[in-house]
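Here is the naming used below: chain letters follow the sequence lines, and residue numbers restart at 1 for every chain.
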Amino acid sequence: MQPESQVIGLKKQKLQKIIDLGINPFPNRSKRTHKINILRENQDEFVKQKQKVTICGRLDAMRRQGRIGFGNVSDDSGRIQIFVKKDVVGEENYEIFKLLDLGDFVQIEGECFVTQKGEYSVKAHKITILSKNLRPIPTVKEKIVDGKIKRWDEFSDIELRYRKRYLDLLLNPEIKKTFEIRAKIINEVRNYLDNKGFLEVDTPVLQTLYGGANARPFITHHNTLDTSFYLRIATELYLKRLIVAGIEKVYEMGKDFRNEGMDRTHNPEFTMMELYQAFADYFDMMDLTEDLIYEISKKISGSENIIYQEQEISFKKPWKRASMIDLILEETGFDASDFDYEKIKKFCKKNEIEIEPNAGAGKLIEELFEVFVEPKLFQPTFVIDYPKEVSPLAKTKPGNPNLVERFELFIAGNEFANAFTELNDPIDQRKRLEAQAKLRELGDLEANVVDEDFLEALEYGMPPTGGLGVGIDRLVMLFTNNTSIKEVILFPQMRPEI
RNA sequence: GGGCCUGUAACUCAGUGGUAGAGUAUCUGCCUUUUAAGCAGAGAGUCGAUGGUUCAAAUCCAUCCAGGCUCACCA
């Protein structure tokens, strides 16, 4: 009682009593004949036949009254009441029942019946302890009112929910649905791509050079080689090597790591799907993205619409496609199509947009887009044709040396996908990476580094290729109606506790 | 990093300068069809941490720690 340690002490005393009775509180084996949902599904028949069942689960409520008692047992399929009567289980077994704590795993051998108050229950003939609880589980009580679950003392502290996710899942069962949907989405992405003939691969997480995105990496050390390694920030450069290798359709789904700020939409490690398709371009990638997410919507929500934060999002094809320059013009009346640095800079200053020292016209245009357009893109929108300056791995748009064939997909004001017609000209690619390296020298810690092996691979020849990256965590947020990435990652990154 | 907010018992929360509270959980007793079981009683706290103001601090001030929202940053 007193502090938690005393409660734990009491539980350990009970444990000792159980041991003294010659009972193993942590037996190696259990024997279950029915899961709880099976009992529910066959209620009428089981009650009629007084069906003998053995259920296993966690004891999560107890109401004892003298020589009888009720409890609730949960497994992953449901929850059911147990009824324990001293006359039925016998003196010795009733003593064991009295030694049970909430949180214990138990095995109940008994028969199905209905209580006087009409509650479908298992009348215990024998109770077996499967695993003794030694730490008090926060108590959540619930009652169904008008078909809705009303809870008292809900386990709701956000920090605790994330730090002790096992308790969150145990005490807030609906959280599990988020992760079931997450698994479904990942399966659907995989099925979709496998069916289209994409080969799933694994490329290194530990890399001697990192690239494929603008981000600061995590650095680690290999003891035997006495070398620094980077945790990958993207899979791009390895997957393109596989396109060089003649694998025409390839994808990888896995964790990327970026050593950057954390907020509602960023976790240091996150799940990304990247795919590359030879003899394709960014238009093909748009079609694929559209179709993939449309199919996910049909699978997950059963329709081409979802409700996100009380607004309807429609995935009905085709989605809006608009160029970045046009969207800026629409929102602000400002025409940036000439890439006139002084003019654009003046407009940025007028609108109090911060100008980084090394930013050129392209970077400023992107800033304008982010400030004026991005938050307004609620329905799925492909924003196409990005400034070359901010896209070192994408191919130039024919007829406009300032632009590249690139798009990002925006839904509900957030970025969901990034894709381009991949740059396969090794000479141009070298120039672009060297320009990035210069930015690094000027202090841009997120700029790309020159990857000589990647450039060498391109020199062997890479076919025209379309590439696409999709943030899986954000997709899950969208389809589970969450606004924080921490809600869709089981164990989100938290500051260590002191 | 800035602004705003939060941190009190295992859980959910009251408590704005004067002896730390409630419900649930826990423990004891009663109770043979309960279900947020009930009734009676008991125990339970470094009031996030440190320093300061004061006769007196959970309460006021400062710093720090952790978290949330938001802005910035991170395309």
Side-chain angles (χ1 to χ4, degrees), chain A residues 1-11 13-14 60-72 79-88 94 101-103 113-121 123 135-145 149-164 167 171-172 213-216 233 258-268 324 352-354 356 359 362-371 374 383 386-387 389-392 406 408 410 414-415 418 444-447 469 483-484 486 492 494-498:
Chain A
M1 310 175 355
Q2 265 198 350
E4 195 174 29
S5 61
Q6 285 191 27
V7 178
I8 292 169
L10 264 163
K11 284 172 177 286
Q13 283 174 27
K14 282 192 185 178
D60 54 19
M62 189 131 65
R63 299 173 290 283
R64 232 180 353 233
Q65 311 178 20
R67 286 183 281 279
I68 64 164
F70 299 86
N72 290 84
R79 186 175 195 222
I80 198 159
Q81 174 167 280
I82 59 164
F83 173 63
V84 183
K85 198 172 177 182
K86 198 173 182 177
D87 300 349
V88 176
Y94 201 77
D101 285 320
L102 295 184
F113 84 115
V114 175
T115 62
Q116 282 180 10
K117 288 281 167 76
E119 178 84 14
Y120 182 39
S121 309
K123 185 185 288 178
R135 189 176 284 272
I137 296 176
T139 315
V140 179
K141 294 211 170 188
E142 54 186 43
K143 185 184 183 180
I144 295 168
V145 182
I149 296 173
K150 189 176 178 191
R151 290 218 177 95
W152 285 263
D153 302 334
E154 193 160 16
F155 186 71
S156 58
D157 183 287
I158 293 176
E159 184 179 352
L160 271 181
R161 284 187 45 235
Y162 296 152
R163 289 194 193 275
K164 305 278 177 201
L167 291 179
L171 300 169
N172 300 313
N214 294 2
R216 295 168 69 178
I233 59 172
R258 297 188 185 174
N259 205 339
E260 296 173 339
M262 297 154 61
D263 61 26
R264 250 181 340 144
T265 53
H266 296 82
N267 195 62
M324 180 179 277
E352 292 174 345
I353 290 169
E354 204 182 318
E356 288 172 39
K363 179 78 184 155
L364 295 183
I365 288 170
E366 193 188 33
E367 294 279 346
L368 288 175
F369 168 76
E370 282 169 12
V371 171
E374 199 176 303
V383 177
Y386 275 60
E389 183 188 337
V390 296
S391 316
R406 172 182 178 187
E408 287 189 345
F410 290 88
N414 282 318
E415 179 196 335
N418 180 20
D444 182 351
L445 296 170
E446 276 105 32
T483 56
S484 168
K486 287 188 164 79
M494 302 287 278
R495 232 176 256 276
E497 288 176 284
I498 22 164

Visitor: Whole angstrom is fine here: how far is it from CD in A:Glu367 over to C1' in B:C74?
Guide: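 Roughly 11 Å, once rounded to whole Å.
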
Visitor: Measure the distance from CD on A:Glu154 to C1' on B:A10 and round it to the nearest whole Å.
Guide: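 Going from CD in A:Glu154 over to C1' in B:A10 covers 17 Å.
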
Visitor: Expressed as a whole number of angstroms, how long is the span from A:Ile158:CD1 to B:C11:C1'?
Guide: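 Atom-to-atom, A:Ile158 to B:C11, this comes out as 16 Å.
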
Visitor: How long is the line joining CE of A:Met262 and C1' of B:U70, in whole Å?
Guide: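 These atoms are roughly 17 Å apart.
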
Visitor: Here's a test of your reading of the structure: between A:Gly66 and A:Lys141, which maps to the more 5' nucleotide of RNA chain B?
Guide: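 Upstream on the strand: A:Gly66.
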
Visitor: Between the base of B:G67 and the side chain of A:Asp157, is there a donor and acceptor pair under 3.5 angstrom?
Guide: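 Under the 3.5 Å cut-off, the side chain and the base do not form any donor-acceptor pair.
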
Visitor: So, OP1 or OP2 of B:U35: does either fall under 4.0 Å of a side-chain N or O from A:Arg63?
Guide: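 No, A:Arg63 has no side-chain N/O under 4.0 Å of OP1/OP2 on B:U35.
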
Visitor: Can you say whether a donor on the side chain of A:Thr115 sits under 3.5 Å from an acceptor on the base of B:U34, or the other way round?
Guide: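 Answer is yes: a donor-acceptor pair is held.
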
Visitor: Would you indicate which nucleotide in B:A36, B:C74, B:U35 comes nearest to any side-chain atom of A:Glu446?
Guide: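 Of all the options, the side chain of A:Glu446 is nearest to B:C74.
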
Visitor: Give none if B:C4 has no partner; otherwise give the nucleotide forming a Watson-Crick or G-U wobble pair with it, both distances under 3.5 Å.
Guide: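 By the stated definition (distances under 3.5 Å), B:G68 pairs with B:C4.
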
Visitor: Base, sugar-phosphate, or nothing for A:Arg163, non-hydrogen atoms under 4.0 angstrom?
Guide: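 A:Arg163: backbone/sugar contact only, no base atoms under 4.0 Å.
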
Visitor: Output the single nucleotide from B:A66, B:U33, B:A36 whose closest atom is nearest the side chain of A:Glu159.
Guide: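 Closest nucleotide to the A:Glu159 side chain: B:A66.
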
Visitor: Under 4.0 Å from OP1 or OP2 of B:U70: is there any side-chain N or O of A:Arg264 that close?
Guide: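 Result: yes.
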
Visitor: Considering only side-chain heavy atoms of A:Lys14, which listed nucleotide, B:C27, B:U35, B:G68, is closest?
Guide: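 Closest nucleotide to the A:Lys14 side chain: B:C27.
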
Visitor: Taking the same atom, C1', in B:A20 and in B:U8, what whole-Å distance lies between them?
Guide: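 The answer is 9 Å between these two C1' atoms.
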
Visitor: Across all strands shown, which nucleotide pairs with B:C39 by Watson-Crick or G-U wobble geometry, both distances under 3.5 Å?
Guide: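 Looking at the geometry, B:C39 pairs with B:G29.
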
Visitor: Could you give the distance separating B:C4 and B:C13 at their P atoms, to the nearest angstrom?
Guide: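 Pairwise P distance, B:C13 against B:C4, rounds to 24 Å.
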
Visitor: Can a side chain N or O of A:Lys363 be found less than 4.0 Å away from OP1 or OP2 on B:A75?
Guide: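 No, no such contact exists.
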
Visitor: Of the options A:Glu154, A:Arg161, A:Glu159, which is the one that meets A:Asp157 in a side chain to side chain contact (heavy atoms under 4.5 Å, CB included)?
Guide: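 The side chain to side chain contact (heavy atoms under 4.5 Å, CB included) with A:Asp157 is passed solely by A:Glu159 among A:Glu154, A:Arg161, A:Glu159.
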
Visitor: Tell me whether the side-chain N or O atoms of A:Gln65 pair up with the base of B:U34 as donor and acceptor below 3.5 Å, since no angle test is needed here.
Guide: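 Side chain to base: no pair below 3.5 Å.
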
Visitor: From OH of A:Tyr94 over to P of B:C31, roughly how many Å is that when rounded to an integer?
Guide: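 Nearest whole value for this atom pair: 11 Å.
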
Visitor: When the P atoms of B:C60 and B:G15 are considered, how many whole Å apart are they?
Guide: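 The answer is 12 Å between these two P atoms.
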
Visitor: Does A:Glu370 or A:Ser156 map to a spot on RNA chain B nearer the 5' end, using the closest nucleotide for each?
Guide: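 That would be A:Ser156.
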
